[in-house]
Protein chains: 2
Amino acid sequence: MRAALELLEEDGAEALTMRRLADRLGVKAPSLYKHLAGKEELEGALMAVGLEQVSSVLAEAARSGEDPLTAIAAAYRRFALAHPHLYRLLTERPLLRERLPEGLEARAAAPLVRAAGDPDRARAAWAFAHGMVHLELSGRFPPDADLDAAWRSGLAALAGAPTTTPPARAVVRSWRGPD
Amino acid sequence: MRAALELLEEDGAEALTMRRLADRLGVKAPSLYKHLAGKEELEGALMAVGLEQVSSVLAEAARSGEDPLTAIAAAYRRFALAHPHLYRLLTERPLLRERLPEGLEARAAAPLVRAAGDPDRARAAWAFAHGMVHLELSGRFPPDADLDAAWRSGLAALAGAPTTTPPARAVVRSWRGPD
DNA sequence: GTCTATAGTGGGATAGAC
DNA sequence: GTCTATCCCACTATAGAC
């Protein structure tokens with residue numbers, strides 16, 4: 001797992017091949033299948049590792065004392081830019097929920113749900129943050145775009161809108177497979 | 001190009017291979033290289049086709065009479081869900097701007113820039129919309145999430161926030177490589 | 001000159017026999 | 001753990017038909 005994570009983070013998704021992983025481990029590729037059912041199992045395990053990292057990063061941001069939504073957004077962006085390939089793995093394909101530790105998805109989402117006040121707004125905020133980092137990572141913004149200003153604009157809008165909802169406590173309790 | 005687009009839209013990105021494209025054209029794969037420099041050129045051409053479609057869909061939505069931001073958002077989502085593989089091709093990798101017709105990127109972005117009122121808010125709105133459709137396409141929202149409600153929540157926030165900016169006309173004129 | 005083909009390189013995931 | 005093999009991929013070299 002450590003070797004796989006290094007391969008992914010250092011050289012990107014195309015570099016994460018069974019052959020190269022085997023090379024790094026001083027073993028032939030087919031031998032990996034004695035330990036892993038296949039590449040998908042490997043990727044599922046990496047998703048769990050990555051989501052665990054996101055979870056702890058966001059939880060810490062929420063505890064930071066600043067405005068929670070702003071702090072969470074900054075931490076989210078920082079994580080994505082620091083681990084672009086892992087972030088893509090985590091967001092460009094279906095979550096392999098069967099392979100995820102019980103409750104991890106909910107734990108990762110909890111800080112944002114609490115900060116946003118209701119699940120719909122939490123999803124909107126998540127979508128905004130994901131859209132910003134994903135388009136940035138994908139090189140889709142024009143090179144001269146002021147992304148900090150776009151973040152401020154979106155966060156101001158999301159923070160300013162009125163809440164429509166039940167108290168945060170109830171929302172968190174009913175949260176299921178978090179986003 | 002028509003065959004390639006069919007392959008992509010019907011069977012997804014993994015199905016778009018030089019071999020299968022050649023098969024569909026009744027030709028051997030190496031022959032394709034007499035017409036195309038390589039797969040990347042093919043993908044670049046498909047991106048141009050897709051962006052042209054997005055552009056016309058958004059322009060029509062902006063002319064629809066409804067609230068422009070809402071109409072554009074609905075059209076954007078409709079396009080992405082109707083053409084998921086093309087949408088991914090268009091957003092998960094850098095825009096191949098060298099291969100794009102002059103001005104296409106700006107034309108595609110114009111309706112949203114006009115509706116949002118300033119480029120930062122336009123980018124925030126684009127990020128929100130992209131995040132929503134991309135997470136939906138990627139199967140990252142929990143199965144029971146109310147995505148319509150999340151869209152409403154995000155759009156209400158973005159529409160309600162105050163503008164910080166110069167008149168829309170000037171903004172459009174200074175728009176460069178649109179998003 | 002413009003189309004096609006065959007043959008081959010090097011890289012992938014993975015199955016099976018040892 | 002290995003080796004061998006199957007089948008996929010992008011791409012190249014080369015040559016022949018029209």
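Just so we're on the same page: letters track the sequence lines, and every chain starts at 1.
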**Student:** Tell me which pairs pass side chain to side chain donor-acceptor pair (under 3.5 Å) where either residue lies in residues 47-57 of chain B, with sequence neighbours left out.
**Tutor:**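 The answer is B:Glu52-B:Arg107.
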**Student:** For A:Glu92, what residues pass the salt bridge (charged side-chain N to carboxylate O under 4.0 Å, His left out) criterion, not counting sequence neighbours?
**Tutor:**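 So A:Glu92 forms a salt bridge (charged side-chain N to carboxylate O under 4.0 Å, His left out) with A:Arg88.
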**Student:** Is B:His35 close enough to C:dT4 that one of its side-chain N or O atoms is under 4.0 Å from OP1 or OP2 there?
**Tutor:**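 It does, given that an N or O in the side chain of B:His35 lies less than 4.0 Å from OP1 or OP2 of C:dT4.
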**Student:** Show me the dot-bracket string of DNA chain C, counting Watson-Crick or G-U pairs under 3.5 Å, with | for pairs to another strand and [ ] for crossing ones.
**Tutor:** ||||||||||||||||||
**Student:** Please report, rounded to the nearest Å, how far the P atom of D:dC11 is from the NZ atom of B:Lys39.
**Tutor:**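 Nearest whole value for this atom pair: 8 Å.
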**Student:** Rounded off to whole Å, could you give me the CG-to-P distance for the A:Leu36 and C:dA13 pair?
**Tutor:**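 Atom-to-atom, A:Leu36 to C:dA13, this comes out as 12 Å.
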**Student:** Could you identify which residues of residues 6-27 of chain A place a heavy atom less than 4.0 Å from some atom of DNA chain C, listed by residue number, or say none?
**Tutor:**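 When residues 6-27 of chain A is checked for heavy atoms under 4.0 Å from DNA chain C, the hits, listed by number, are A:Thr17, A:Met18, A:Arg19, A:Arg20.
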**Student:** Taking only residues two or more places apart in sequence or in another chain, which ones pass side chain to side chain contact (heavy atoms under 4.5 Å, CB included) with A:Ala82?
**Tutor:**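 A:Ala82 satisfies side chain to side chain contact (heavy atoms under 4.5 Å, CB included) with no other residue.
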**Student:** Figure out the NZ/P separation between A:Lys28 and D:dA5, and round it to whole Å.
**Tutor:**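 Taking NZ of A:Lys28 and P of D:dA5, I get 16 Å after rounding.
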**Student:** In whole angstrom, give the distance that lies between atom CG of A:Leu32 and atom P of C:dG12.
**Tutor:**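 Going from A:Leu32 (CG) to C:dG12 (P), I get 13 Å.
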**Student:** With sequence neighbours left out, which residue pairs that include part of residues 22-48 of chain A fulfil the side chain to side chain donor-acceptor pair (under 3.5 Å) condition?
**Tutor:**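 Residue pairs with at least one partner in residues 22-48 of chain A: A:Glu6-A:Arg24, A:Glu40-A:Arg99, A:Glu43-A:Arg93.
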**Student:** Could you tell me which residues satisfy side chain to side chain contact (heavy atoms under 4.5 Å, CB included) with A:Ala74, sequence neighbours excluded, listed by chain and number?
**Tutor:**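 Expected list: A:Arg78.
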**Student:** Taking CD from A:Glu40 and P from C:dA13, how many angstroms apart are they, rounded to a whole number?
**Tutor:**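 That distance rounds to 14 Å.
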**Student:** Go through the structure and list residues passing side chain to side chain contact (heavy atoms under 4.5 Å, CB included) with A:Ala13, not counting sequence neighbours.
**Tutor:**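 Expected list: A:Leu8.
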**Student:** Is the ring centre of A:Tyr87 less than 6.0 Å from the ring centre of A:Tyr76?
**Tutor:**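 Yes.
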**Student:** Excluding sequence neighbours, so at least two apart, what forms side chain to side chain contact (heavy atoms under 4.5 Å, CB included) with B:Pro101?
**Tutor:**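 Expected list: B:Ala48, B:Leu104.
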**Student:** According to ring-ring contact (aromatic ring centres under 6.0 Å, His included), who are the partners of A:Phe79, at least two apart in sequence or on a separate chain?
**Tutor:**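 Only A:His83 meet the ring-ring contact (aromatic ring centres under 6.0 Å, His included) criterion with A:Phe79.
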**Student:** List for me each residue that meets salt bridge (charged side-chain N to carboxylate O under 4.0 Å, His left out) alongside A:Arg77, sequence neighbours excluded, and say none if there are none.
**Tutor:**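 Checked A:Arg77 against salt bridge (charged side-chain N to carboxylate O under 4.0 Å, His left out); matches are A:Glu136, A:Asp148.
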**Student:** Across nucleotides 12-18 of chain D, 5' to 3', mark each nucleotide with B, S or - according to how protein heavy atoms within less than 4.0 Å reach it.
**Tutor:** BBB----
**Student:** Determine the interplanar angle of the A:His134 and B:His130 rings, folded into 0 to 90°, and report it as parallel if under 30°, tilted if 30 to 60°, perpendicular if over 60°.
**Tutor:**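 The arrangement is parallel - the two ring planes meet at less than 30°.
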